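Computed from heavy atoms alone, side chains included, the values below leave out hydrogens, waters and symmetry copies. Chain letters run A, B, ... following the sequence lines, proteins first, then strands; residues in each count from 1. Please read all numbers here as calculations on a predicted model, not as lab measurements.
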Number of protein chains: 4
Amino acid sequence: MREKVIPPNTAGGPALRADARRNRNQIIVAAKSLFRTSGLDVSMEAIARTAGVGVGTLYRRFPDRAGLVAAVAAQSFRDVLADVTEAKEVEPSAWDAFVRLATQSENLRLTVHLAFLSLQSWRDVHAAPESEGVHREMMSALEALVQDAQEEGSIRRDIGAGDALYLISVVLGNRSPGTDTMRGMSTERSLRLVLDGLRAEPSGALPGEPVTVQELNTRMKQGADTLEG
Amino acid sequence: MREKVIPPNTAGGPALRADARRNRNQIIVAAKSLFRTSGLDVSMEAIARTAGVGVGTLYRRFPDRAGLVAAVAAQSFRDVLADVTEAKEVEPSAWDAFVRLATQSENLRLTVHLAFLSLQSWRDVHAAPESEGVHREMMSALEALVQDAQEEGSIRRDIGAGDALYLISVVLGNRSPGTDTMRGMSTERSLRLVLDGLRAEPSGALPGEPVTVQELNTRMKQGADTLEG
Amino acid sequence: MREKVIPPNTAGGPALRADARRNRNQIIVAAKSLFRTSGLDVSMEAIARTAGVGVGTLYRRFPDRAGLVAAVAAQSFRDVLADVTEAKEVEPSAWDAFVRLATQSENLRLTVHLAFLSLQSWRDVHAAPESEGVHREMMSALEALVQDAQEEGSIRRDIGAGDALYLISVVLGNRSPGTDTMRGMSTERSLRLVLDGLRAEPSGALPGEPVTVQELNTRMKQGADTLEG
Amino acid sequence: MREKVIPPNTAGGPALRADARRNRNQIIVAAKSLFRTSGLDVSMEAIARTAGVGVGTLYRRFPDRAGLVAAVAAQSFRDVLADVTEAKEVEPSAWDAFVRLATQSENLRLTVHLAFLSLQSWRDVHAAPESEGVHREMMSALEALVQDAQEEGSIRRDIGAGDALYLISVVLGNRSPGTDTMRGMSTERSLRLVLDGLRAEPSGALPGEPVTVQELNTRMKQGADTLEG
DNA sequence: GATGAATGAGATTTCATTCAT
DNA sequence: TATGAATGAAATCTCATTCAT
């Protein structure tokens with residue numbers, strides 16, 4: 001799915017010089033990448049290093065950590081918005097679009113962390129007007145998508161969009177030990193189970209094999225072994 | 001459900017003096033409480049302060065942070081085991097016992113963090129023989145419960161206990177902003193939806209009212225406001 | 001050589017109860033042993049544990065760490081005094097007695113640390129009247145021994161007892177990496193070389209084989225490997 | 001003798017900025033100075049304070065205490081190497097060069113601590129490639145010097161360079177109470193005695209006056225008084 | 001404007017010493 | 001009296017943020 005970084009000149013400051021804009025984008029890309037792979041608590045140094053700039057530059061572009069998080073979030077929300085649009089264009093039904101989004105949008109995975117799963121980042125997002133606005137937009141789009149699916153009869157009517165999004169979030173957002181290993185397995189299976197729970201009519205077979213507790217433990221161990229030695 | 005701290009004389013060291021045991025318990029209780037409310041990365045100072053002891057005391061009782069986490073986990077696992085037993089005694093079917101456990105065991109909420117949702121704590125748990133053992137016991141009991149439910153025909157047969165536990169875990173384990181506020185609402189509704197997804201036969205009505213996105217936001221805000229100021 | 005712990009009732013306090021005296025002695029023995037094997041900075045806990053008593057008991061017997069060090073030193077000085085007496089009785093000349101003392105008195109090895117090689121312990125010794133006195137005694141005995149050797153013509157006359165003792169001390173006191181391994185080798189060879197330097201007439205052959213730099217490094221490594229891992 | 005801090009660009013990292021290099025040097029100088037006066041276990045805080053920087057700066061320049069020790073050691077070894085070279089240039093014989101080194105190189109005094117008299121620092125030195133290399137170089141140079149002296153007939157042939165260096169080390173390395181005060185006296189006299197012991201042919205008169213035990217005590221007291229108050 | 005050096009508060013852990021049982 | 005539990009200051013190290021080059 002798309003991963004463009006759009007110049008955020010909505011905020012109205014003076015246009016950035018070309019190199020400054022390039023740096024800004026590199027930082028956001030680096031932060032997104034690290035947030036995804038290592039969680040939200042990577043150090044500012046690490047982000048700057050990954051972006052190929054100095055910390056000073058990072059702080060020149062973003063007032064503080066909260067500001068950076070907000071900017072990354074705003075970007076992430078925009079990406080999700082684009083993914084929603086794309087999904088609706090590409091898929092035949094609202095349900096299919098919803099499923100596509102839930103199962104295939106990497107952007108959504110990061111977004112749920114930034115918007116739902118961390119108190120700190122939620123605060124950061126809502127302290128910055130820029131991310132606040134696009135957050136609202138994204139939520140509306142998601143809500144509309146759910147409601148469309150309800151109207152076409154594919155999502156049960158006794159739930160709200162909030163229920164659906166919340167549920168999808170916690171499943172997507174989980175970064176438990178072994179998540180990386182499990183991605184193609186447990187998370188996908190879980191998602192399917194959850195989507196089944198959301199459906200008006202139960203679906204058919206699940207992907208993959210049943211996961212035993214033994215299996216679960218093995219994956220944990222693998223995850224933990226990659227922690228640092 | 002039960003929340004006793006049992007004198008841990010299983011380990012075989014000499015019996016602790018009365019005051020020491022009291023402190024040890026206070027520390028575990030404090031740690032459990034802070035782990036629940038603020039996550040696993042509260043400072044040792046904060047735990048000691050909450051327990052009403054000095055850091056030195058904390059370190060006398062537990063060799064290091066890992067040791068404390070392991071001890072809290074062992075306790076937590078024992079509590080879950082007790083809850084499983086109780087649920088099986090009290091409820092008429094394995095399914096009902098499973099539901100009771102998932103929806104009403106506060107112990108299970110903390111446990112999933114310690115056993116599933118943090119690489120670090122998973123390591124800590126498995127580095128300490130005491131917690132390792134009880135972890136295995138607990139997992140077996142949970143697996144048996146799921147399998148019983150499958151045999152009585154209430155949980156779909158195409159999933160493993162690992163799938164079920166994983167899914168319950170991520171829903172329970174979620175500590176998103178406002179989780180505390182939402183406890184009686186979103187999490188419970190989500191759990192119901194998830195349980196529905198696990199069922200062989202879809203159940204009936206959900207508890208509570210549909211949750212809108214608007215509602216979700218409001219709750220987030222409330223949650224964030226309790227963060228620290 | 002002798003290693004008795006004599007009841008120190010010279011200080012004049014009320015006689016200790018039998019068990020108290022036993023404890024006191026055990027503590028001193030334990031401290032001496034640990035000081036020898038692990039250096040002067042072992043923890044009070046470790047000393048108490050080795051002595052088989054609680055820290056409380058240790059502090060009841062000795063006002064603080066300085067007090068303990070002073071007591072151990074006093075004991076150690078007394079032991080050296082006894083060794084001097086014995087050496088003079090047993091050996092045919094003052095020189096032989098001096099050599100015997102330097103090469104065979106374990107007590108002297110510890111003593112030089114307490115009396116010469118640690119600022120802190122020197123202070124501790126001289127802050128306590130008890131150890132001060134016996135320190136003076138010991139020094140006199142050593143000085144007399146050196147002077148006797150000078151008078152019998154075996155130690156050069158252009159040095160003072162201070163020179164001789166100082167030199168022996170630094171060689172004996174050295175606890176460099178690999179010292180334990182080297183004890184029978186380097187330290188003994190060094191002592192012989194030093195004794196040669198002190199003699200009026202050079203002596204004959206050295207014990208052992210010449211030590212190369214390569215050899216030195218190997219021993220260091222062995223020493224370091226026993227440090228903790 | 002020389003005491004320059006050479007820009008360590010041998011390691012190959014990007015050249016440090018002027019201020020950073022200045023700070024790096026100040027830190028090394030401060031550490032050397034404190035190591036000399038207070039031993040190897042001064043706190044990082046104290047070193048930073050003495051260098052006039054914050055702890056953070058110290059840790060930015062050196063990964064940890066071991067890294068700092070290794071860097072100081074490398075510097076110290078280089079200084080000794082320079083002193084060896086200088087001594088060989090200036091003095092007419094290998095023996096004279098050896099004596100000059102032993103008696104006049106302040107660098108050698110610190111070096112023996114770092115290379116011989118502390119297990120911990122020995123480890124630190126050998127864990128860092130930079131210090132490891134120069135350590136080897138220095139040892140070779142010292143060994144060669146001793147062997148040259150043996151070949152010219154001034155050092156007895158029944159000892160190895162290891163014996164000679166070890167012996168010199170313990171005498172030089174001694175930081176007993178009053179060492180600073182005694183420098184020009186006891187240590188120098190001791191060194192002469194030791195050097196005499198190493199010689200093929202005994203030398204003539206010793207410098208200074210014989211040191212009595214009384215004198216020794218006085219100096220100890222002076223040393224201890226400078227400990228901290 | 002970009003860089004990365006410097007800062008210092010805070011986290012974990014140890015240990016001499018005091019105090020309750 | 002003996003015990004060992006409790007204390008808290010100090011040491012090492014990390015990281016968000018500021019500032020000199």
Nearest-angstrom distance from the residue atom CG of A:D41 to C1' of F:dT14: 13 Å
Residue A:R65, side-chain atoms from C-beta onward, closest of F:dA9, F:dT17, F:dA5: F:dT17
Straight-line distance of C:I47 CD1 to C:I28 CD1, nearest 0.5 Å: 11.0 Å
Which residue lies more 5' along DNA chain F, comparing C:V53 with B:T57 via nearest heavy atoms: C:V53
Minimum-distance nucleotide (side-chain atoms of C:V55 versus E:dT17, F:dT17, F:dG8): E:dT17
Under 4.0 angstrom between A:N23 side-chain N/O and E:dG1 OP1 or OP2: no
Short side-chain N/O contact from C:R61 to OP1 or OP2 of F:dA2, under 4.0 Å: yes
Integer-rounded Å distance: F:dT1 P and C:R22 CZ: 15 Å
A:Q26 CD to E:dT3 C1', straight-line distance once rounded to whole Å: 14 Å
Flag side-chain contact, heavy atom, 4.5 Å: A:R60 against A:N23: no
Touch class at under 4.0 angstrom, heavy-atom based, for D:S43 against every strand present: sugar-phosphate
Gap between atoms CZ and C1', on C:R49 and E:dA16 respectively (whole Å): 14 Å
Atom-pair distance (CD on A:E45; P on E:dT7), nearest Å: 15 Å
Whole angstrom value for the distance that separates P of E:dA5 from CZ of D:F62: 13 Å
5' precedence on DNA chain E between A:G56 and B:Y59 (nearest-nucleotide basis): A:G56
5' precedence on DNA chain F between B:R60 and D:M44 (nearest-nucleotide basis): B:R60
